[in-house]
A.B. asks: 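Below: one structure in structure tokens.
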Amino acid sequence: MPGNNTTLAAIFQQMADVTELLGGNRFRVNAFQRAARSLQELGEDVAGIDPGRLSKLDGIGSGTADRIREYLDHGRIDEHEKLIKEVPAGVIKLLDIPGLGPKSVATLWQQGGVTDTATLKKKLDTGELEKLPRMGKKTLENIKKNLAFAETAHQRIRIGEAMPLANWFVHQLRGLEPVEAVHYAGSLRRGRETVGDLDLLAIADPKQGETISNAFVKLEVVEEVILKGATKTSVRARTGAGRHIQVDLRVIEPEAAGAALLYFTGSKDHNVRLRERAIARKLKLSEYGLYKEDSETRVAGKTEEAVYKALDLAYIPPELREARDEIARAEKDTLPELVELQEIQAELHAHTTASDGHWSIRELAAAAADRGFHTVAITDHSKGQVQANGLNAERLEKHIEDVRAVAKEMKGKINVLAGSEVDILIDGKLDYPDSLLRELDIVVASPHASLAQEPAKATKRLLKAIENRYVTILGHATGRIVNRRAGLHPDMKKLVEAAAQRGIAMEINANHYRLDLRDTHARLALEHGVKLSINTDAHGPADLDQLIYGVLTARRAGAKREDVINTFAKPQLMKWINATRP
DNA sequence: GCCGTTTTCGGCCCGACTGTTTTCAGTCG
């Protein structure tokens, strides 16, 4: 069940769509869209924000704040109800078809009598739409093709699926003769949990654009060429998982590499703010560089750092470029120094063959040591996780002995902790008694079942788990699976306040299906002084590689090294863990 | 509708590519 934020975001997005279709003021449309994004990005429930603070949020003015209050009080917004009556729902859906924007959809609807995809399909076959303005044969052909594409699962791709594909493209293009460097940009570079497309940049002499583009469209995963120009090419490609994703390639001269990387990394809103800032300084920013107003003189462009500097800003890492507060902070040079992948020195949530993992305790410990980690916690499932071969009390006692034996054997190589991923039962009780939890070095408590519980119950359940005095880390708090399961919707503000009070950490589960806490929740945790723990929840050899996705999520939340317990040196980490227990 | 080093009005980002057009509107990122 979606929360207030998600519902309100959808409402404002609809108001934007309808206003645009009806030819309303485009800046008003823009404002509705911004309000929708702000609400979607909010880490806490909007209902808990008092009216004074509400209109101070980015993109939310007094008008939007009033509408939000109206929704919270009455469950609906009058203006929204009136607006959506003016356009059939099927017409709004047409906007999802690539290549169809508000102008074309309005024409199809008002002059062509198209009310949904079904009538669109029918009328495409009869040819009657050709009479409409700007609807030639080719345009109609394209609509037909894109309609078919839109109907076959157009979902954003998980970062764990997109990143390997992007790296593969980068590797392929790097091998081309005229190419100096290749980068991926876009939301992938910003570390978002899902991406809509891949943006690639080839740094090369633009005269070589054609050569590069020809090689690009011939790559084996490319299934269809969407457009192909002198410096810009778009294709549809197959992902490893058999889905399709659009991949855009731009060829950029070396002198503009930084400006282009900045531009294609986005976010769009971040770029808009930078351009406005440029204008205020009598400059002009585009993907080709930062120029003096009305002249060809390029002030900066070779590197991103140079462009930011010329705009009197500190360098802003990609993960923070979401048009929140990063530009104001860059101006004052108070941006956080974000945690880095190489700073992670401990894995605190991993499974062995004792439950549902593929490694023995020794293999897991050795793999962690190979990565340069100083500590690994063995945290197999508890008894309630029957399908995962969870350990009952008796087996856990034996397992603890086994772990201690390996710990002794590997002393000096790696610090092996005896732990558990104990299930948080439906009522918030833990799956082991305190007397057993006390014997462990570390306890990760996570919800696994009843993940569609109503928010109030979920909040109570998780609060109870946090309050257990043996819990060290709250594992994947919501239990969501990206693109597949919404998971719990607890009152996150209450949870982080309780975690802060208890002094325990909250996990960012780095598995790309989970990424739980998500970025906005992790940000909220940090704002309340809660430490994060980034763990891979490894079940097998390849899983430790997913750490990067957790780190990117933490960086999006603004996490510094000292905010993440996995970066602590061994003595500091042990001291921290022990301080959480009686 | 939002916003403020041009602050309560008057602005609101920039360029590539396509298709339908004879100079540009629409879409996308």
A.B. asks: Enumerate the residues from residues 64-79 of chain A whose closest heavy atom to DNA chain B is under 4.0 Å, giving them by residue number; use none for an empty result.
C.D. replies: A:Thr64, A:Arg67
A.B. asks: How long is the line joining CZ of A:Arg250 and P of B:dA16, in whole Å?
C.D. replies: 7 Å
A.B. asks: Output all residues satisfying side chain to side chain donor-acceptor pair (under 3.5 Å) with A:Glu527, sequence neighbours left out; order by chain, then residue number.
C.D. replies: none
A.B. asks: Considering every strand and a 4.0 Å limit on heavy-atom distances, what is the contact class for A:Ala230: base, sugar-phosphate, or nothing?
C.D. replies: sugar-phosphate
A.B. asks: Quickly work out the A:Asn30 CG to B:dC13 P distance and round it to whole Å.
C.D. replies: 8 Å
A.B. asks: Return the set of residues passing salt bridge (Lys or Arg N to Asp or Glu O under 4.0 Å) with A:Arg329 (not counting sequence neighbours), or none when no residue passes.
C.D. replies: none
A.B. asks: May I have the distance from A:Leu57 (atom CG) to B:dG1 (atom P), rounded to whole angstrom?
C.D. replies: 18 Å
A.B. asks: Starting at NE2 of A:His270 and ending at P of B:dC13, how long is that distance when rounded to a whole Å?
C.D. replies: 15 Å
A.B. asks: If we ignore angles and hydrogens, is there a donor and acceptor under 3.5 Å between the side chains of A:Thr194 and A:Arg156?
C.D. replies: yes
A.B. asks: Want to settle it: does A:Asn271 or A:Arg34 sit nearer the 5' end of DNA chain B, counting the closest nucleotide to each?
C.D. replies: A:Arg34
A.B. asks: For atom C1', what is the distance between B:dC13 and B:dG29, given to the nearest Å?
C.D. replies: 12 Å
A.B. asks: Return the value, rounded to whole Å, for the distance between atom CG of A:Leu290 and atom C1' of B:dC14.
C.D. replies: 13 Å
A.B. asks: Taking side chain to side chain donor-acceptor pair (under 3.5 Å) as the definition, give me every residue that meets it alongside A:Ser38, ordered by chain and number, with sequence neighbours left out.
C.D. replies: none
A.B. asks: Please name all residues satisfying side chain to side chain donor-acceptor pair (under 3.5 Å) with A:Arg480, sequence neighbours left out, ordered by chain then number.
C.D. replies: A:Glu193
A.B. asks: Can you tell me, in whole Å, how much space there is between the C1' of B:dT8 and that of B:dC3?
C.D. replies: 10 Å
A.B. asks: Output side-chain donor-acceptor pairs under 3.5 Å for residues 58-67 of chain A, partner residues at least two apart or in another chain, one line each.
C.D. replies:
unit_1	atom_1	unit_2	atom_2	d
A:Arg67	NE	A:Glu79	OE1	2.6
A:Arg67	NH1	A:Gly63	O	3.3
A:Arg67	NH2	A:Glu79	OE1	2.6

A.B. asks: Report yes or no: do A:Thr478 and A:Asp516 form a side-chain donor-acceptor pair below 3.5 Å?
C.D. replies: yes
A.B. asks: With both distances under 3.5 angstrom, what nucleotide forms a Watson-Crick or G-U wobble pair with B:dT8?
C.D. replies: none
A.B. asks: Contact class for A:Gly59 (heavy atom, under 4.0 Å): base, sugar-phosphate, or nothing?
C.D. replies: sugar-phosphate
A.B. asks: Check for a donor-acceptor pair, side chain of A:Arg523 on one end and backbone N or O of A:Arg556 on the other, with a separation under 3.5 Å.
C.D. replies: yes
A.B. asks: Whole Å only: how far is the CG atom of A:Leu283 from the P atom of B:dC14?
C.D. replies: 11 Å
A.B. asks: Using atom P of each nucleotide, how far apart are B:dT6 and B:dC2 to the nearest Å?
C.D. replies: 23 Å
A.B. asks: Using the C1' atom as the point on both nucleotides, what is the distance between B:dG15 and B:dC9, in whole Å?
C.D. replies: 30 Å
A.B. asks: Taking CD from A:Gln14 and P from B:dG1, how many angstroms apart are they, rounded to a whole number?
C.D. replies: 17 Å
A.B. asks: Table please: side-chain donor-acceptor pairs of residues 163-175 of chain A below 3.5 Å, with sequence neighbours left out.
C.D. replies:
unit_1	atom_1	unit_2	atom_2	d
A:Asn167	ND2	A:Met163	O	3.3
A:Arg174	NH2	A:Val182	O	3.3

A.B. asks: In chain order, what residues pass the side chain to side chain donor-acceptor pair (under 3.5 Å) check against A:Glu326, with sequence neighbours excluded?
C.D. replies: A:His270
A.B. asks: Rounding to the closest angstrom, what is the interatomic distance between B:dC12 and B:dT7 at atom P?
C.D. replies: 15 Å
A.B. asks: I'd like to compare against my own output: the B/S/- annotation of nucleotides 19-29 of chain B with a strict under-4.0 Å heavy-atom distance to protein.
C.D. replies: BS----BSSSB
A.B. asks: Identify the residue among A:Arg514, A:Arg158, A:Arg518, A:His512 that makes a side chain to side chain contact (heavy atoms under 4.5 Å, CB included) with A:Val482.
C.D. replies: A:Arg158
A.B. asks: For residues 104-118 of chain A, which residue pairs qualify under salt bridge (charged side-chain N to carboxylate O under 4.0 Å, His left out), counting only residues two or more places apart or in two chains?
C.D. replies: none
A.B. asks: Can you list everything that forms a salt bridge (Lys or Arg N to Asp or Glu O under 4.0 Å) with A:Arg134? Sequence neighbours excluded, please.
C.D. replies: none
A.B. asks: So which nucleotide from B:dT18, B:dC2, B:dC13 ends up closest to the side chain of A:Glu276?
C.D. replies: B:dC13
A.B. asks: Which letters describe nucleotides 4-11 of chain B, given B = protein heavy atom under 4.0 Å from base, S = only from sugar-phosphate, - = neither?
C.D. replies: --B-----
A.B. asks: For the C1' atoms, the ones on B:dG26 and on B:dT20, what distance do you get once it is rounded to whole angstrom?
C.D. replies: 11 Å
A.B. asks: Nearest whole angstrom, please: distance from the P of B:dC2 to the CZ of A:Arg37.
C.D. replies: 14 Å
A.B. asks: If I pick the P atom on B:dG11 and the same atom on B:dA16, what distance separates them, to the nearest angstrom?
C.D. replies: 27 Å
